[in-house]
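What follows is a set of notes on a single structure, which appears directly below.
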Amino acid sequence: MSSVASTKAIPAAGTTPGTVQGPPQRRRIALVPTFALLLGALYCLLPVAWVVVASTKSGRELFSTFTFLPGSGFADNLKDLSAYRDGVYWKWMGNSALYAGLGALLSTAVSAVSGYALAIYRFRGRESVFNILLAGVLMPPVILAVPQYLLLAKVDLTDSYASVLLPLILSPYGVYLARIYAAAAVPTDVVEAGRMDNASEWRIFTRIALPMMIPGLVTVFLFQFVAIWNNFMLPYIMLSDDEKFPITLGLFTLLEQGANTPALYTLVITGALLAVVPLIALFLVIQRFWSLDLLSGAVKS
């Protein structure tokens, strides 16, 4: 009996004691999704790597050297980009920061109030309103751009900062996410307890519900910021003064001019690289804030 027990306790050669060894066929199948994810990562990161390398090349090196061979002109490209039209590139970056930052902040605030109301309150037509919002999620923004232009042209708001900001405040997808998160994160018992303590509805929302919704609202803010930062069609339709252009539209105009002036291609590539840096920085900062919020919520619960 003891010999049988000792035989079972001895692990197989080449294996780690205490681990469960699956069939080789199953392990091979598990490698398929990993390989697919690696291919997807390569597909997404390869253009980024090209932009990083191409931004280091001068105009002559860009068309005469190996694609992924670094050059020696990054400092000159950065200097030329800053000097182009008295630094209009940084004006475009500032405009994008204004549109994306303020637009995402206002959109997150509207989404928070709307999502909380749809999740907590019971009123006639609530589901109909929510279904209309879902229809708005499915509708491409390009379809709405022209009607929005016509509406803002009626009140003489085209070619202004407001013409880009106002259509972005209401985000159907942001309201949808806020409603789903509020329904899951804000217990109705807590809301009822606040009402029993004679707290106003606004105080219950700001002091009780809003802190519970912060991780979800951070997600809404991040999605909106990235969407507005990368937005091209709406500013292209609304704006004619290039001093108000966001970075996407500004780089597009540079690229169009590059067809006649090839030297501008290096400025477009360097500008595209610099335009990605704020998004990466924001994601890293918000990811840390996101993790802390989720951890603190788990500790409080």
Completion exercise
Value for CG (Leu133) from CG (Leu138), rounded to nearest 0.5 Å, stands at 11.0 Å

Exercise for the section: Please indicate whether Asp86 has more than 12 foreign heavy atoms, meaning atoms of other residues, nucleotides or ligands, lying under 6.0 Å from its CG. Expected result: no

List, one per line, each side-chain donor-acceptor pair under 3.5 Å for residues 244-252, sequence neighbours excluded.
{"residue": "Lys244", "atom": "NZ", "partner": "Asp241", "partner atom": "OD2", "Å": "3.3"}
{"residue": "Thr248", "atom": "OG1", "partner": "Asn231", "partner atom": "O", "Å": "2.8"}

Practice task
Check the pair Leu234 / Ile228 against side chain to side chain contact (heavy atoms under 4.5 Å, CB included), numbers first and verdict last.
Solution key: CA-CA 10 Å; Leu234 184 65; Ile228 297 172; over 6 Å; no

Handout entry: Trp229 versus Ala275, closest heavy-atom pair with distance
Key = NE1-O, 3.2 Å

Problem - Evaluation steps, salt bridge (charged side-chain N to carboxylate O under 4.0 Å, His left out), between Asp242 and Arg85 - result: CA-CA 11 Å; Asp242 62 357; Arg85 288 185 51 194; 2.7 Å; yes

Practice task
Taking the side chain as every heavy atom from C-beta outward, state whether Val218 and Leu222 have any pair of such atoms under 4.5 Å apart.
Solution key: no

Exercise for the section: Measure from the side-chain N and O atoms of Ser163 to the backbone N and O of Ser160, and report whether any donor-acceptor pair falls under 3.5 Å. Expected result: yes

Handout entry: Side chains of Tyr173 and Gln224, donor plus acceptor under 3.5 Å
Key = no

Practice task
Indicate yes or no for a side-chain donor-acceptor contact from Glu61 to the backbone of Ser58 under 3.5 Å, with no hydrogens or angles considered.
Solution key: yes

Practice task
Could you pull out all residues at least two apart from Phe35 that satisfy ring pair (Phe, Tyr, Trp, His ring centres under 6.0 Å)?
Solution key: none

Practice task
Apply side chain to side chain contact (heavy atoms under 4.5 Å, CB included) to the pair Val53 and Leu69, showing each step before the final yes or no.
Solution key: CA-CA 7 Å; Val53 174; Leu69 182 65; 5.8 Å; no

Exercise for the section: To the nearest 0.5 Å, tell me how far Asp159 CG sits from Leu152 CG. Expected result: 12.0 Å

Fill in the blank from the handout: So CG of Leu98 and CG of Leu165: to nearest 0.5 Å the spacing works out to 5.5 Å

Practice task
Any salt bridge (Lys or Arg N to Asp or Glu O under 4.0 Å) involving residues 165-188? Give me the pairs, sequence neighbours left out, ordered by first then second residue.
Solution key: Glu127-Arg179

Exercise for the section: Sort out for me which residue in Val137, Val220, Leu217 forms a side chain to side chain contact (heavy atoms under 4.5 Å, CB included) with Leu177. Expected result: Val220

Exercise for the section: Indicate if Leu45 and Leu42 have the same hydrophobic cluster label, given that clusters are the connected sets of ILVMFWY residues with side-chain heavy-atom separations under 4.5 angstrom. Expected result: no

Problem - Minimum-distance pair of heavy atoms, taken over all atoms of Ser171 and Ser107 - result: CB-OG, 3.4 Å

Handout entry: Residue pairs fulfilling ring-ring contact (aromatic ring centres under 6.0 Å, His included) with at least one residue in residues 69-108, sequence neighbours excluded
Key = Tyr99-Tyr161

Practice task
May I ask whether Ile237 and Met139 are part of the same hydrophobic cluster, defined by side-chain heavy atoms of I, L, V, M, F, W, Y residues being less than 4.5 angstrom apart, directly or through others?
Solution key: no

Exercise for the section: Measure the shortest side-chain to side-chain distance between Tyr116 and Val191 over non-hydrogen atoms and say whether it is less than 4.5 angstrom. Expected result: yes

Handout entry: side chain to side chain contact (heavy atoms under 4.5 Å, CB included) assessment of Leu157 paired with Tyr149
Key = CA-CA 9 Å; Leu157 282 179; Tyr149 173 81; over 6 Å; no

Practice task
For residues Lys57 and Thr266, determine if any side-chain heavy atom of one lies less than 4.5 Å from a side-chain heavy atom of the other.
Solution key: no

Handout entry: Student check: side-chain heavy atoms of Val276 and Val48 closer than 4.5 Å
Key = no

Exercise for the section: Using a 4.5 Å cut-off on heavy atoms from C-beta on, say whether the side chain of Leu81 contacts that of Leu274. Expected result: yes

Practice task
Could you tell me whether a side-chain N or O of Asn77 sits under 3.5 Å from a main-chain N or O of Thr56, the two making a donor and an acceptor?
Solution key: no

Handout entry: Val155 with Met238, same ILVMFWY side-chain cluster at under 4.5 Å
Key = yes

Practice task
Locate the shortest heavy-atom distance separating Met213 from Ala178; write the atom from each residue and the value.
Solution key: CE-O, 4.1 Å

Problem - Shared hydrophobic cluster for Leu144 and Ile132 (ILVMFWY, side-chain gaps under 4.5 Å) - result: no

Handout entry: Counterpart residues, salt bridge (charged side-chain N to carboxylate O under 4.0 Å, His left out), relative to Asp76 (two or more places apart)
Key = none

Problem - Any side-chain heavy-atom pair of Pro187 and Val190 under 4.5 Å - result: yes

Exercise for the section: Could you please spell out the steps behind the side chain to side chain contact (heavy atoms under 4.5 Å, CB included) verdict for Leu170 and Val175? Expected result: CA-CA 8 Å; Leu170 179 60; Val175 176; 4.1 Å; yes

Exercise for the section: Report yes or no: do Leu151 and Met233 belong to one cluster of Ile/Leu/Val/Met/Phe/Trp/Tyr joined by side chain heavy-atom distances under 4.5 Å? Expected result: no

Extract all donor-acceptor atom pairs below 3.5 Å that involve side chains of residues 204-211 and protein atoms in other chains or at least two apart in sequence.
{"residue": "Thr206", "atom": "OG1", "partner": "Trp202", "partner atom": "O", "Å": "2.9"}
{"residue": "Thr206", "atom": "OG1", "partner": "Arg203", "partner atom": "O", "Å": "3.4"}

Exercise for the section: Grab the two heavy atoms, one from Pro278 and one from Met93, that are nearest each other, plus how far apart they are. Expected result: CG-CE, 3.9 Å

Completion exercise
Here the gap from Phe225 atom CZ to Asn230 atom CG, rounded to the nearest 0.5 Å, amounts to 9.5 Å

Exercise for the section: Count the heavy atoms of every other residue, nucleotide or ligand shown that sit under 6.0 Å from OH of Tyr43, and state whether that count exceeds 12. Expected result: no

Completion exercise
The reported gap from CG in Leu106 to CG in Leu166 (rounded to nearest 0.5 angstrom) is 9.0 Å

Handout entry: Polar side-chain atom of Thr270 near backbone of Leu267 as donor-acceptor pair, under 3.5 Å
Key = no

Exercise for the section: For Tyr236, look at atom OH and say whether over 12 heavy atoms of other residues, nucleotides or ligands are found less than 6.0 Å away. Expected result: no

Practice task
Check for a donor-acceptor pair, side chain of Arg122 on one end and backbone N or O of Ala119 on the other, with a separation under 3.5 Å.
Solution key: yes

Problem - Point-to-point distance, once rounded to the nearest 0.5 Å, from OG of Ser55 to CG of Leu273 - result: 4.5 Å

Practice task
Find out whether Glu201 and Tyr121 are in side-chain contact, i.e. whether some heavy atom of one side chain is under 4.5 Å from a heavy atom of the other.
Solution key: yes

